[in-house]
Amino acid sequence: MLHSVALQRVALWAAHIASDLGGLERDVLRLVWGLGAATAEQVRAELKRPLKESTVRTVLRRLEDKGYLSHTVDGRTFVFRAAESRTRAAARAVKRIADWFCEGSVADVVSGLVDARMLDKADLARIGEKIALSKRGAGK
């Protein structure tokens, strides 16, 4: 199981993984996840800071290059969508943490989160429900 020092390292590694996205990239990705699909103009209008549309287009292209977004073309307008759900992206990040710190054991990561009391009763109940559903599905 993970100890507090290891958990601190996991937190730092998680920050490193997230750091492959800058603050503006994270804001834009959250917007696209929230909107489902968005053009550069829609993203620019939703952002809390004034940016040129060309800046927003650059950020959207970077997110696409990094595998977070994909696009279709509607007329001459690029429409961006998340390449994967927020939970899938988070799961990939946790898998990288597990590979780095726990020899690939996601169970050790989750055990560490429980030991560090980072999951509340509601979180544990949701995880328990997911596990139960998964077990029922695996038996079919």
Decide yes or no on salt bridge (Lys or Arg N to Asp or Glu O under 4.0 Å) for Lys48 and Asp27, but give the supporting numbers first.
CA-CA 9 Å; Lys48 304 291 187 228; Asp27 291 346; over 6 Å; no
Just do the side-chain contact (heavy atoms from CB on, under 4.5 Å) check on Val43 and Glu46 with the steps written out, would you?
CA-CA 5 Å; Val43 169; Glu46 292 286 327; 5.9 Å; no
Full working for salt bridge (Lys or Arg N to Asp or Glu O under 4.0 Å) between Arg61 and Asp65:
CA-CA 6 Å; Arg61 279 194 308 273; Asp65 290 344; over 6 Å; no
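Partners of Arg62 according to the salt bridge (Lys or Arg N to Asp or Glu O under 4.0 Å) rule, which considers only residues two or more places apart in sequence or in another chain, do not exist here. With sequence neighbours excluded, the residues satisfying side chain to side chain contact (heavy atoms under 4.5 Å, CB included) with Ala107 are Ser105. Under the salt bridge (Lys or Arg N to Asp or Glu O under 4.0 Å) criterion, Arg117 pairs with no residue, sequence neighbours left out. Annotation: side chain to side chain donor-acceptor pair (under 3.5 Å) contacts of Glu53 (sequence neighbours excluded): none. With sequence neighbours excluded, the residues that form a side chain to side chain contact (heavy atoms under 4.5 Å, CB included) with Ala132 are Arg136. Applying the side chain to side chain contact (heavy atoms under 4.5 Å, CB included) criterion to Leu63, with sequence neighbours excluded, gives Leu21, Glu25, Val28, Leu29, Val59, Tyr68, Leu69. Arg86 meets the side chain to side chain donor-acceptor pair (under 3.5 Å) test with no other residue; sequence neighbours excluded. Under the side chain to side chain donor-acceptor pair (under 3.5 Å) criterion, Arg81 pairs with Thr72, not counting sequence neighbours. Taking the side chain to side chain donor-acceptor pair (under 3.5 Å) definition, one finds that Glu64 meets it with His71, sequence neighbours left out. Ser54 meets the side chain to side chain contact (heavy atoms under 4.5 Å, CB included) test with Lys52, Arg57; sequence neighbours excluded.
Connection of Leu35 to Leu47 is not established within any shared hydrophobic cluster, with ILVMFWY side chains joined at heavy-atom distances below 4.5 Å, either directly or through further cluster members. Under the 4.5 Å side-chain heavy-atom criterion for ILVMFWY residues, a single connected hydrophobic cluster contains both Leu31 and Leu24. Cluster annotation: Phe78 is connected to Trp33 through the hydrophobic network of ILVMFWY side chains, with a link wherever side-chain heavy atoms come within less than 4.5 Å.
Every pair passing salt bridge (charged side-chain N to carboxylate O under 4.0 Å, His left out) that includes a residue from residues 32-41 is listed here, sequence neighbours excluded: Glu41-Arg44.
The two residues Ala83 and Gly67 make their nearest non-hydrogen contact at CB-O, 3.3 Å. Closest non-hydrogen pair, Asp99 versus Gly104, comes out as OD1-CA, 3.4 Å. Nearest heavy atoms, Ala82 versus Val32: N-CG1, 3.8 Å. Among all heavy-atom pairs drawn from Val56 and Ala40, the shortest one is CG1-O, 3.5 Å.
Residues Arg49 and Leu51 have side chains in contact (heavy-atom distance under 4.5 Å, counting atoms from C-beta outward). At a threshold of 4.5 Å between non-hydrogen side-chain atoms, the residues Val79 and Val73 do not count as touching.
Shown here is Asp74, whose CG atom has no more than 12 heavy atoms of other residues, nucleotides or ligands within 6.0 Å.
When atom types are taken as modelled, the side chain of Gln42 and the backbone of Thr39 share a donor-acceptor pair closer than 3.5 angstrom.
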